[in-house]
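What follows is a set of notes on a single structure, which appears directly below.
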Amino acid sequence: MLIFLIFLFQEGYRSQSQFDSISSFLTGLTKIEKADALLDKMWENRSNNPLLAIQLGNEAIKICRELNNKSLEAKAINFLGVAYTNMGANENALALHETALELSREVNDSTQLGYSYNNIGGIYREKKDVTNALNNIQLAIPIFENIGDLRGLAYCYINIGRLYKDQNNFENSLRYLNSALDLVDIIQNNEMRARILLDIANLSLDAGNNKQAIESFKELERNYKSINYLKGLAEVWMGYSKLYYNSGGYDLALNHAQKALKLHKQISNTVGEISTLNQIAAIYLVNKNYNQSKSYLDTSLKRAQGINDAALLAETYNSYYNLYKQQKDYSNALKYFEITHQIIDSIFTFEEGSKLAELESLIEIERKEKEKQLLKADLKSQKRQSNYLLLIIALFFLIVIILYVRYKEKKKLNDELTRTNLIKDRFFKIIAHDLREPFNAIFGSVDLLTNHAEELTEEEKNESINSIGRSVKYSFELLDNLLAWSKLQSKALYFNPAQVNLKEIIESAINLVEQKINSKNINLKLNFKNDFEVFADKQMISTVLRNLLFNSLKFTHQNGNIIITAATQEKFDVIEIEDDGIGMNEEAIENIFKLDKKFIAKGTEGEVGSGIGLILCKEFVEYHKGLIHVRSELRKGTSFIITLPKNNK
């Protein structure tokens with residue numbers, strides 16, 4: 001953000017003369033007329049000259065405050081947020097739209113309230129926070145419907161279309177973009193129409209429909225030149241560049257990318273500038289011009305760090321990886337490969353944490369859209385057949401009553417089924433993600449060993465082999481836990497409790513991790529009698545104790561301590577596995593056994609895990625009608641306590 005502000009200061013003087021020129025035309029106008037004129041000019045320059053738009057907006061806000069006109073002030077602040085968004089300053093824009101939201105509520109201005117919600121939703125969409133994006137857009141839609149603001153409703157549909165595009169759901173994305181197009185045709189807003197057509201063209205490009213994409217870009221290029229829409233023109237040229245790059249026309253691709261870069265710099269569009277710099281770097285790389293490629297990447301990285309955009313940073317770091325890999329600099333290639341996937345993993349994990357709410361929100365939007373279409377059909381039918389109005393109403397209420405009765409009968413069952421399916425979907429999506437990372441590591445190491453073995457040092461070869469071993473071991477443990485969980489869910493896991501010797505089970509688990517215990521020099525102490533027995537299914541309790549021991553080893557430092565204690569109470573046997581490792585905070589403790597939450601922490605030596613093992617432990621213990629809970633404190637260690645009922649036969 002500091003880099004961005006420095007850039008803003010350096011570039012600000014360019015718009016000063018234009019601002020002074022506009023100000024000279026305001027002489028003699030009343031304050032309200034000045035404010036309106038400033039806002040008109042601000043909106044006109046929000047894309048082509050956002051720095052000028054910001055100056056005009058700040059002046060308009062000052063006048064609005066002098067007039068104590070909070071509705072107009074909210075409008076000015078929303079416009080200002082849009083200008084900041086066009087420069088890539090999303091955090092600044094979000095704060096402005098939230099301020100406009102509060103002002104709109106204070107004066108009950110429905111129009112600006114709707115635009116504030118939709119603008120906030122658009123920023124959260126760019127931040128990959130799907131849940132907050134949808135929640136805010138959903139709040140905006142009924143406001144615009146109630147006041148009949150088709151322009152605002154079109155902006156909402158554009159945002160939803162872009163959300164579907166981010167999910168690679170091209171069919172629904174196109175449907176909402178076409179709905180927005182229908183609305184702007186009604187209000188005859190050619191500027192919005194051109195912007196929607198650009199989204200549709202980019203959608204065609206992403207979907208691989210190159211013929212339709214290039215036809216759309218040609219039409220848009222003519223349109224944008226005629227209305228002097230510079231941001232759109234830059235994006236069209238980037239579209240051309242991607243098309244030519246994909247077809248091997250690298251000279252044409254470079255020419256269009258450089259034209260786009262010049263325009264993005266001219267209008268201070270940082271996000272567009274970064275993407276274009278990476279595109280140019282890729283073109284130079286394919287032509288083996290490594291110095292030029294790295295120069296553009298260095299500039300791109302500096303700009304991406306300035307606005308702290310995770311997706312753009314990941315894109316840039318991945319370009320570095322491709323550069324160094326092609327140069328056969330495998331040390332740097334491996335470094336940037338790891339950085340890229342750390343960022344990608346953090347984005348993916350955050351998105352996965354939003355999937356349930358995202359799904360519910362998308363279903364809600366679809367439901368409202370269908371209800372609205374049904375309502376429109378009903379209204380048309382009533383106009384054509386007004387004589388049957390009373391009959392239609394009577395039938396409607398009869399249907400509602402019937403549906404309500406059936407709904408009440410099935411609600412409890414359906415709710416439980418929906419919840420179960422969502423949790424299972426969530427569970428398997430997490431599994432798919434956690435299996436992806438070790439296989440990525442395996443593929444990367446195998447690629448290096450297969451294709452570049454003669455260029456690697458012995459140390460690099462050993463590290464690649466060790467990486468494969470760690471990944472295979474982690475994948476096997478994960479699949480073993482998944483198999484046990486699936487058997488439990490399908491009732492295929494045979495439950496046969498009996499008196500079992502605790503020491504034998506724990507020693508079996510220790511044998512599996514003896515190498516890890518020795519490498520970390522862990523002091524493992526068993527604090528119970530050799531003949532101590534518990535009443536449990538041997539396979540299940542072995543899985544529980546093995547997972548808990550693995551977990552303690554992962555989060556215990558070199559030369560640390562793990563103590564396994566067992567004791568008998570009146571009706572229960574209590575087993576405790578205690579370590580003096582890194583511990584957990586309150587949030588981790590609260591969510592550690594929850595299937596619909598994903599909490600990931602790395603071990604003391606970078607070990608990773610999915611958290612599935614602990615969820616399996618909880619289900620197995622509860623299958624015994626027992627309890628498991630955790631007691632932990634950051635930097636002071638963790639204890640897992642299992643309470644199992646005795647055999648009272």
Side-chain angles (χ1 to χ4, degrees), residues 423 480-481 484-485 487-489 491 493-510 512-513 524-556 561-597 599 601 609 611-634 636-649:
I423 288 177
D480 190 42
N481 281 333
W485 183 89
K487 286 183 178 180
L488 182 64
Q489 299 304 307
K491 310 299 182 184
L493 195 64
Y494 185 61
F495 181 62
N496 183 26
Q499 294 296 133
V500 294
N501 184 275
L502 183 62
K503 186 176 181 182
E504 291 179 2
I505 293 172
I506 291 177
E507 285 182 342
S508 177
I510 291 172
L512 295 175
V513 292
L524 179 62
K525 181 178 180 182
L526 305 183
N527 192 11
F528 54 86
K529 294 181 180 180
N530 290 342
D531 60 352
F532 189 91
E533 292 185 340
V534 293
F535 183 68
D537 180 278
K538 187 173 183 179
Q539 182 180 354
M540 288 189 183
I541 199 65
S542 296
T543 300
V544 170
L545 295 174
R546 183 180 74 244
N547 274 291
L548 293 179
L549 179 59
F550 287 3
N551 192 73
S552 292
L553 279 171
K554 185 192 307 180
F555 297 109
T556 301
N561 299 285
I562 298 176
I563 302 174
I564 303 178
T565 305
T568 297
Q569 297 181 359
E570 183 177 352
K571 294 182 180 181
F572 300 94
D573 291 320
V574 180
I575 306 169
E576 180 175 359
I577 299 179
E578 178 183 6
D579 64 64
D580 56 2
I582 63 178
M584 292 181 282
N585 58 25
E586 291 183 3
E587 180 186 1
I589 294 172
E590 181 181 351
N591 295 323
I592 197 168
F593 293 122
K594 293 182 179 179
L595 185 59
D596 59 344
K597 301 287 184 181
F599 181 82
I612 303 304
L614 292 178
I615 294 170
L616 189 61
C617 289
K618 181 176 184 294
E619 294 204 18
F620 276 178
V621 170
E622 290 177 349
Y623 208 83
H624 286 78
K625 296 183 171 24
L627 297 172
I628 182 171
H629 69 277
V630 61
R631 183 175 61 243
S632 184
E633 188 175 346
L634 278 176
K636 293 188 178 181
T638 301
S639 291
F640 285 91
I641 301 98
I642 301 170
T643 303
L644 295 174
K646 290 184 176 181
N647 183 11
N648 294 320
K649 292 183 180 179

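Given the structure is predicted, the values throughout are model-derived calculations rather than measurements.
Counting only heavy atoms from C-beta outward, the side chains of L502 and L545 approach each other to under 4.5 Å. Counting only heavy atoms from C-beta outward, the side chains of I592 and F640 approach each other to under 4.5 Å. Side-chain atoms of L644 and F535, non-hydrogen and from C-beta on, never get closer than 4.5 Å to each other. Contact annotation: the side chain of V574 approaches that of Q569 to within less than 4.5 Å [non-hydrogen atoms, C-beta and beyond]. At least one side-chain heavy atom of V500 sits less than 4.5 Å from a side-chain heavy atom of V534. Residues T543 and R546 form a side-chain contact, since some pair of their non-hydrogen atoms from C-beta on lies under 4.5 Å apart. L526 is listed as a side-chain neighbour of I506, based on a closest heavy-atom distance under 4.5 Å. Contact check for L634 versus I582: no side-chain heavy atoms found under the 4.5 Å cut-off.
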Notebook entry, point to check: Run the side chain to side chain contact (heavy atoms under 4.5 Å, CB included) check on F532 and D573 step by step: do they pass?
Noted result: CA-CA 10 Å; F532 189 91; D573 291 320; 4.0 Å; yes
Check: Can you list the steps and then say if F593 with I615 is a side chain to side chain contact (heavy atoms under 4.5 Å, CB included)?
Finding: CA-CA 5 Å; F593 293 122; I615 294 170; 5.6 Å; no
Note to self: Pair N647, Q499 - check side chain to side chain contact (heavy atoms under 4.5 Å, CB included), show working.
What the structure shows: CA-CA 8 Å; N647 183 11; Q499 294 296 133; 3.5 Å; yes
Margin query: The test is side chain to side chain contact (heavy atoms under 4.5 Å, CB included); show your working for I641 and I628 and say whether it passes.
Written below: CA-CA 6 Å; I641 301 98; I628 182 171; over 6 Å; no
Note to self: Between E576 and R631, is the salt bridge (charged side-chain N to carboxylate O under 4.0 Å, His left out) condition met? List the steps.
What the structure shows: CA-CA 10 Å; E576 180 175 359; R631 183 175 61 243; 2.9 Å; yes
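Judged purely by atom type and a 3.5 angstrom limit, H624 uses its side chain to pair as donor or acceptor with the backbone of D537. Although no hydrogens or angles enter the test, the distance criterion places a donor-acceptor pair under 3.5 Å between the side chain of N501 and the main chain of N530. A side-chain donor-acceptor contact under 3.5 Å links T556 to the backbone of S552.
Of all non-hydrogen atoms in T638 and G583, the two that sit nearest each other are OG1-CA, 3.5 Å. In plain terms, the two heavy atoms of G626 and P645 that are nearest each other are CA-CD, 4.0 Å. Heavy atoms only, all atoms of each residue included: S632 and G637 are closest at OG-O, 3.1 Å. What you find for A588 and M584 is that their closest heavy atoms are CB-CB, 3.9 Å. The shortest heavy-atom contact between L549 and I577 is N-CD1, 4.4 Å.
For the atom pair CG of L627 and NZ of K618, the computed distance is 9.5 Å after rounding to the nearest 0.5 Å. Once rounded to the nearest 0.5 Å, the distance linking CD of E533 with CD1 of I505 reads 9.5 Å. From L614, atom CG reaches atom CG of L548 across 6.5 Å, with rounding to the nearest 0.5 Å. Going from atom SG of C617 over to atom CE of M540 covers 12.5 Å, rounded to the nearest 0.5 Å. Taking CG from L553 and CG from D579, the interatomic distance works out to 9.0 Å, rounded to the nearest 0.5 Å. Between I510 atom CD1 and I564 atom CD1 the span is 5.5 Å, to the nearest 0.5 Å.
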